[in-house]
Undergrad: 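I have a structure I would like to understand better, so I am pasting it below and will then ask my questions one at a time.
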Amino acid sequence: QVQLVESGGGLVQAGGSLRLSCSASGTISSVNNMAWYRQAPGKQRKRVADISLRGRTNYADSVKGRFTISRDNAKKSVYLQMNSLKPEDTAVYYCNADVQTILPPVLQNYWGQGTQVTVSS
């Protein structure tokens with residue numbers, strides 16, 4: 001059983017910052033690609049940023065230069081530092097990860113429960 005637990009969401013004014021965290025727990029052998037997605041009301045879930053096991057990162061154009069994704073492999077955790085937040089960043093943010101479990105020895109994709117980020121104008 002693998003769980004991804006997010007934290008760090010909240011309400012912030014435009015121009016402010018928030019830092020999201022996500023930790024994986026369970027009988028885990030390794031956590032490979034990790035990513036953050038977001039879903040605004042009435043819209044599809046979209047990838048915000050992702051990071052490989054070795055630290056290679058990719059960002060959606062809408063957040064480049066404002067958001068930074070990072071990870072701590074020892075803690076099986078991924079982070080999203082969000083600066084210069086805009087009202088259009090308002091959404092539920094979801095953690096996503098490819099996890100290799102010990103028993104059974106399989107690689108599966110998991111989602112966190114989501115954390116709300118609201119940016120007021």
Side-chain angles (χ1 to χ4, degrees):
Q1 188 85 15
V2 172
Q3 284 191 318
L4 300 180
V5 179
E6 301 114 331
S7 62
L11 173 65
V12 65
Q13 288 188 331
S17 298
L18 282 174
R19 185 174 188 252
L20 305 183
S21 300
C22 171
S23 293
S25 63
T27 54
I28 296 171
S29 174
S30 66
V31 183
N32 299 340
N33 289 338
M34 304 186 82
W36 288 97
Y37 286 72
R38 68 187 181 186
Q39 187 168 18
K43 296 188 177 181
Q44 288 187 332
R45 190 174 299 186
K46 293 184 177 181
R47 182 186 60 83
V48 174
D50 61 69
I51 184 167
S52 71
L53 181 60
R54 296 184 178 182
R56 185 175 65 183
T57 59
N58 293 290
Y59 295 93
D61 288 344
S62 59
V63 306
K64 281 181 181 177
R66 300 188 298 121
F67 291 10
T68 302
I69 189 171
S70 60
R71 64 187 291 166
D72 184 329
N73 292 334
K75 294 182 179 180
K76 299 183 182 65
S77 295
V78 64
Y79 310 96
L80 187 67
Q81 178 67 44
M82 305 185 293
N83 299 328
S84 302
L85 282 161
K86 305 175 181 180
E88 51 264 43
D89 294 317
T90 295
V92 178
Y93 283 71
Y94 295 91
C95 176
N96 179 270
D98 293 324
V99 180
Q100 178 75 43
T101 53
I102 297 173
L103 288 174
V106 295
L107 180 67
Q108 289 186 323
N109 186 261
Y110 293 88
W111 290 93
Q113 81 286 356
T115 185
Q116 177 70 46
V117 171
T118 303
V119 184
S120 63
S121 57

Undergrad: Do any N or O atoms from the side chain of R66 and from the backbone of S84 form a donor-acceptor pair under 3.5 angstrom?
TA: yes

Undergrad: Return the minimal non-hydrogen interatomic distance between Q113 and V5, and the atom names on each side.
TA: OE1-CA, 3.9 Å

Undergrad: Atom OG of S70 and atom CE of M34: how far apart are they, to the nearest 0.5 Å?
TA: 10.5 Å

Undergrad: Please check if V99 and I102 belong to a single hydrophobic cluster, counting links between Ile, Leu, Val, Met, Phe, Trp and Tyr side chain heavy atoms closer than 4.5 Å.
TA: no

Undergrad: Is R45 positioned over the aromatic face of Y94, cation under 6.0 angstrom from the ring centre and no more than 45 degrees off axis?
TA: yes

Undergrad: Quick one: OG1 on T57 to CZ on R71, what's the gap to the nearest 0.5 Å?
TA: 11.5 Å

Undergrad: Would S23 and S77 count as a side chain to side chain donor-acceptor pair (under 3.5 Å) if you check the C-alpha gap in whole Å, the side-chain angles of each, and the deciding distance to 0.1 Å?
TA: CA-CA 4 Å; S23 293; S77 295; 2.7 Å; yes

Undergrad: Would you compute the distance between atom CD of Q3 and atom OG of S25 and round it to the nearest 0.5 angstrom?
TA: 5.0 Å

Undergrad: Work out which heavy atom in A60 is nearest to a heavy atom in R47; give both atom names and the distance.
TA: CB-O, 3.6 Å

Undergrad: What distance do L80 atom CG and I51 atom CD1 have between them, rounded to the nearest 0.5 Å?
TA: 10.5 Å

Undergrad: Is it true that the side chains of R56 and N58 contain a donor and an acceptor less than 3.5 Å apart?
TA: no

Undergrad: Please tell me whether N96 and N109 have a donor and an acceptor in their side chains that are separated by less than 3.5 angstrom.
TA: yes

Undergrad: Show, in sequence, the C-alpha distance, side-chain angles and deciding distance for C95 and W111, and conclude whether the side chain to side chain contact (heavy atoms under 4.5 Å, CB included) test is met.
TA: CA-CA 6 Å; C95 176; W111 290 93; over 6 Å; no

Undergrad: Under a 3.5 Å threshold, yes or no: a donor from one side chain and an acceptor from the other, between S17 and N83?
TA: yes

Undergrad: Run the side chain to side chain contact (heavy atoms under 4.5 Å, CB included) test on I28 and K76 for me, step by step, so that the C-alpha distance in whole Å, both residues' side-chain angles and the decisive distance to 0.1 Å come before the verdict.
TA: CA-CA 9 Å; I28 296 171; K76 299 183 182 65; 3.8 Å; yes

Undergrad: To check you understand the geometry: which heavy-atom pair defines the closest contact between A14 and P87, and what is its length?
TA: CB-CD, 4.1 Å

Undergrad: Taking V78 as the starting point, is it possible to reach L53 by hopping between hydrophobic residues whose side chains are less than 4.5 Å apart?
TA: no

Undergrad: I'd like to know if the side chain of Q39 pairs up with that of Y37 as donor and acceptor (distance under 3.5 Å, no hydrogens or angles considered).
TA: no

Undergrad: Do any N or O atoms from the side chain of E6 and from the backbone of G114 form a donor-acceptor pair under 3.5 angstrom?
TA: yes

Undergrad: Given the rule that I, L, V, M, F, W and Y join up when any side-chain heavy atoms are under 4.5 Å apart, are L18 and F67 in one cluster?
TA: yes

Undergrad: Start with the C-alpha distance between Y79 and Q81, add both sets of side-chain angles, then the distance that settles side chain to side chain donor-acceptor pair (under 3.5 Å), and finish with yes or no.
TA: CA-CA 6 Å; Y79 310 96; Q81 178 67 44; over 6 Å; no

Undergrad: Is any NZ, NE, NH1 or NH2 atom of the basic residue among D61 and K64 found under 4.0 Å from an Asp or Glu carboxylate oxygen of the other?
TA: yes

Undergrad: Kindly compute the distance separating OG (S52) from CG (N33), expressed to the nearest 0.5 Å.
TA: 6.0 Å

Undergrad: Check V117, D89, I69 against M82 for a side-chain contact (heavy atoms from CB on, under 4.5 Å) and give me the one that passes.
TA: V117

Undergrad: Would you say Y59 and L85 are hydrophobically clustered, going by side-chain heavy atoms of ILVMFWY under 4.5 Å?
TA: yes

Undergrad: Would you compute the distance between atom CD of Q100 and atom CG of N32 and round it to the nearest 0.5 angstrom?
TA: 7.0 Å

Undergrad: Are V31 and V2 connected, step by step, through hydrophobic side chains (Ile, Leu, Val, Met, Phe, Trp, Tyr) whose heavy atoms are closer than 4.5 Å?
TA: yes

Undergrad: Say whether T90 and E88, considering side chains only, have a donor N or O and an acceptor N or O under 3.5 Å apart.
TA: no

